[in-house]
Chemist: 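Mind having a look at this structure? Questions to follow.
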2 protein chains.
Amino acid sequence: MAPTIRDIARVAGVSVATASKGLNGKGRMRPETRERIVQTARDLGFRPNRNARSLTSGRTYTVGLLTRNGYGRFTPALLGGVEDALSADTCSLLLCDARRDAVRERHYIDALAARRVDGLIVTGRETDPAPRVGRDLPFPVVYAYTVSADPADTSVTVDDEHGGRLAVRQLARYGCRRIAHLTGPPSYAAVRDRVTGARAALAEESLDLPDSRVVYGPFSEEMGFTHVRRLLERDPEIDGIFCGNDQIARGAADGLAAIGRRVPDDVALVGFDNWTLLAASTRPAVASVDMNLYRLGRVVGETLLASIDGTVTPGISRLPCSIAVRASCPAPTGDDPVWTSDAPLVPDA
Amino acid sequence: MAPTIRDIARVAGVSVATASKGLNGKGRMRPETRERIVQTARDLGFRPNRNARSLTSGRTYTVGLLTRNGYGRFTPALLGGVEDALSADTCSLLLCDARRDAVRERHYIDALAARRVDGLIVTGRETDPAPRVGRDLPFPVVYAYTVSADPADTSVTVDDEHGGRLAVRQLARYGCRRIAHLTGPPSYAAVRDRVTGARAALAEESLDLPDSRVVYGPFSEEMGFTHVRRLLERDPEIDGIFCGNDQIARGAADGLAAIGRRVPDDVALVGFDNWTLLAASTRPAVASVDMNLYRLGRVVGETLLASIDGTVTPGISRLPCSIAVRASCPAPTGDDPVWTSDAPLVPDA
DNA sequence: CTGAAAGCGCTAACAC
DNA sequence: GTGTTAGCGCTTTCAG
């Protein structure tokens with residue numbers, strides 16, 4: 001059995017109360033007593049039981065992370081940021097995956113409540129407003145990437161409009177004048193927001209993005225591969241394409257190669273997600289919008305810690321994106337935020 | 001504040017002990033009393049504090065998951081299996097990412113010990129024997145995917161040799177007779193094991209894999225793209241290639257297309273990892289060895305639960321792979337285990 | 001300066 | 001059947 005504070009007290013020849021104070025650097029006592037206590041604890045390999053401590057303190061220094069639909073490509077970066085933010089307060093993360101199942105979700109919420117977590121982070125793969133995770137929960141909740149449909153909740157997500165703006169600005173700076181958009185299903189808020197952003201930015205350059213040059217489809221390579229060719233057949237003047245993710249961009253790059261168009265000379269390409277593994281391997285490498293998910297995770301963690309401390313900030317906050325420049329659209333970036341590297345993370349897969 | 005068992009007892013008009021027994025279905029008491037207690041608990045939204053309970057029970061029903069070098073592409077599937085296995089015992093997962101840093105690792109181990117986790121799972125991106133996580137830890141440890149250098153520890157990993165056998169058998173069944181291997185750095189045990197397996201399987205078919213047809217390099221598309229062409233220049237008779245992962249396979253497919261070789265008619269291809277997002281999008285789609293990581297996770301979880309119960313199984317156990325058949329090598333699979341789908345998981349990214 | 005005592009939320013013997 | 005008591009490991013008044 002692991003030694004308890006009583007063992008320390010006994011061996012050090014003091015009372016339990018003194019041992020406690022000694023170990024926690026509280027109260028006042030003769031330095032030699034404290035030293036003796038600490039030394040004894042070290043000798044016995046004493047490790048205070050945090051669960052016991054949380055009984056009195058009321059804090060468990062544990063937060064839940066509930067993902068609503070599995071761990072995806074976005075999870076690692078987000079998780080890294082969350083962990084780093086929380087580690088500042090030596091909080092640990094309890095993981096739960098609801099797998100699109102409301103019953104599972106409920107079950108996990110209960111389990112987390114029974115463990116008296118200090119807070120909860122809810123994440124999911126879409127930025128669309130989603131039903132909140134429960135009402136009157138006994139801990140603060142922050143939604144990460146996904147946003148709660150209830151404006152009284154706290155959500156932190158990506159500014160997809162900004163991402164859309166960055167993408168087309170990069171194309172425009174490269175000199176593109178007839179820009180098209182190949183993207184995912186319009187049922188995604190992210191997809192719609194990016195279109196909105198793209199149009200706004202183009203308008204500032206006196207350019208436009210007519211409906212005829214926007215193609216919605218699945219978020220897949222296949223989509224990019226087939227539709228890029230149709231698009232250029234219909235409208236051979238297109239000289240730049242904003243792709244809704246890097247898979248589409250890759251398909252588009254291959255499709256352009258197949259019809260003998262050079263990238264970026266004839267048609268420039270900008271993707272989204274900056275999934276380096278894919279974007280950097282495309283021929284040529286694809287410039288891409290980065291959602292700064294590590295930073296998102298940090299902000300989420302910090303927001304949750306603040307909520308736990310009583311400072312709640314209801315509403316949705318949207319963090320800006322960056323642009324990762326690569327050969328498919330090699331223009332200077334102007335004042336736009338530039339992505340450089342995954343800094344403190346082990347990159348990708 | 002959340003109601004405590006005392007609140008329940010008071011409201012239900014019984015003692016705390018009776019309330020406890022009533023709620024846990026223990027002891028014997030008048031059914032109506034039990035009913036009253038349970039009903040009161042429901043009314044007050046009582047949620048027993050598991051931390052308090054674990055003080056007496058000695059069990060926290062929490063296990064740590066320590067990843068040594070970040071969350072990769074393999075993590076989600078593994079994690080899913082682990083979660084499912086542990087949920088059978090209503091265990092929760094505490095997440096830690098050591099990020100290749102021994103100090104961080106030590107720190108996390110301490111934190112987990114302080115939380116009195118019932119057990120620990122250690123995972124990492126390589127199957128190479130790695131230094132064990134600590135000595136004389138106060139809880140059982142199971143290594144997942146990564147294996148401990150100490151044979152007294154319990155490790156569960158992938159049978160890469162079997163994977164190598166499956167890959168070349170699939171090629172052989174398609175009719176390939178001059179098989180080559182494009183793979184990652186030989187510093188990886190996984191890389192060497194797969195070569196061993198491939199050679200063993202080929203020998204059974206009276207075929208071989210001479211050193212001249214094995215190329216080591218980085219695990220990247222670029223590697224496949226450039227080396228497949230050199231390889232076929234040197235040895236134009238090659239009719240099948242076993243690729244060390246799906247990125248290499250993809251590069252190889254593109255490289256073959258670039259020199260006008262048809263896949264699979266001229267050269268068949270089998271990859272490794274069965275990373276569907278990549279493998280299924282390659283033109284043509286790439287057949288690939290699947291490591292059954294979800295199942296690995298389950299076995300790891302079950303093994304850990306057994307260890308917690310006192311049944312330890314030291315040593316390394318290696319689980320077999322499956323083969324996912326796709327257009328790049330469309331042969332019947334014989335008796336080999338076939339991959340069908342990610343079953344209970346939300347697939348990929 | 002140090003220690004006795006009470007209590008955090010819950011469980012488990014053992015009385016009544 | 002139900003309640004009293006003690007105790008899990010630790011913190012925290014408050015006396016001494």
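The analysis underlying the following values was restricted to heavy atoms, covering all of them including side chains, and did not include hydrogens, waters or symmetry mates. Residue numbers begin at 1 in each chain, while the letters A, B, ... track the order of the sequences. These numbers were taken from a predicted model, which means no experiment stands behind them.
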Chemist: If the threshold is 4.0 Å, N to carboxylate O, is there a salt bridge linking A/R99 and A/D97?
Modeler: yes
Chemist: In a check of side chain to side chain contact (heavy atoms under 4.5 Å, CB included) between A/V156 and each of A/T303, A/I316, A/L304, which one passes?
Modeler: A/T303
Chemist: Which residues in residues 16-25 of chain B have a heavy atom closer than 4.0 Å to any atom of DNA chain D?
Modeler: B/A17, B/T18, B/K21
Chemist: Calculate, to the nearest 0.5 Å, the distance between atoms CG and OG1 belonging to B/N49 and A/T60 respectively.
Modeler: 9.0 Å
Chemist: Using a cut-off of strictly less than 4.0 Å between a heavy atom of the residue and any atom of DNA chain C, enumerate the qualifying residues of residues 46-62 of chain A by number.
Modeler: A/L55, A/T56
Chemist: Hey, are B/R59 and B/D89 close enough for a salt bridge, meaning a charged N less than 4.0 Å from a carboxylate O?
Modeler: yes
Chemist: Looking at A/D7 and A/R47, is any side-chain nitrogen of the basic one under 4.0 Å from a carboxylate oxygen of the acidic one?
Modeler: no
Chemist: Which is it for A/L94 and A/L65 under the side-chain contact (heavy atoms from CB on, under 4.5 Å) test, yes or no, and what are the steps along the way?
Modeler: CA-CA 6 Å; A/L94 270 175; A/L65 183 97; over 6 Å; no
Chemist: What's the separation between atom OH in A/Y71 and atom OG1 in A/T123, rounded to the nearest 0.5 Å?
Modeler: 11.0 Å
Chemist: Please compare B/R28 and B/R116 by the position of their nearest nucleotide in DNA chain D and report the one closer to 5'.
Modeler: B/R28
Chemist: Evaluate the side-chain proximity of A/E126 to A/N69: yes if any heavy-atom separation is below 4.5 Å, no if none is.
Modeler: yes
Chemist: On DNA chain D, reading 5' to 3', which nucleotide is the first and which the last to sit with an atom under 4.0 Å from a heavy atom of chain A, could you check?
Modeler: D/dC8 to D/dT12
Chemist: Contact boundaries of DNA chain C with chain A (under 4.0 Å, heavy atoms), 5' to 3'?
Modeler: C/dC1 to C/dG9
Chemist: Taking side chain as C-beta onward, heavy atoms only, is B/V82 less than 4.5 Å from B/L86?
Modeler: yes
Chemist: Could you pull out all residues at least two apart from A/R42 that satisfy side-chain contact (heavy atoms from CB on, under 4.5 Å)?
Modeler: A/E35, A/V38, A/Q39
Chemist: State, to the nearest 10°, the angle formed by the axis through the first five base pairs of the helix from C/dC1-D/dG16 to C/dC16-D/dG1 and the axis through its last five.
Modeler: 50°
Chemist: Let's go through A/L23 and A/F46 carefully: what are the C-alpha distance in whole Å and the side-chain angles of both, what is the deciding distance for side-chain contact (heavy atoms from CB on, under 4.5 Å) to 0.1 Å, and is it a yes or a no?
Modeler: CA-CA 10 Å; A/L23 291 168; A/F46 174 67; 3.5 Å; yes
Chemist: Does this structure show an ion pair linking A/R295 with A/D159, if we count only N-O contacts that are shorter than 4.0 Å?
Modeler: no
Chemist: Please tell me if the side chains of B/F139 and B/D118 come closer than 4.5 Å, counting only heavy atoms from C-beta onward.
Modeler: no
Chemist: Side chains of B/S57 and B/S54: any donor to acceptor distance under 3.5 Å?
Modeler: no
Chemist: Which residue is it: A/V158, A/T157, A/V299? I am looking for the one with a side chain to side chain contact (heavy atoms under 4.5 Å, CB included) to A/L319.
Modeler: A/V299
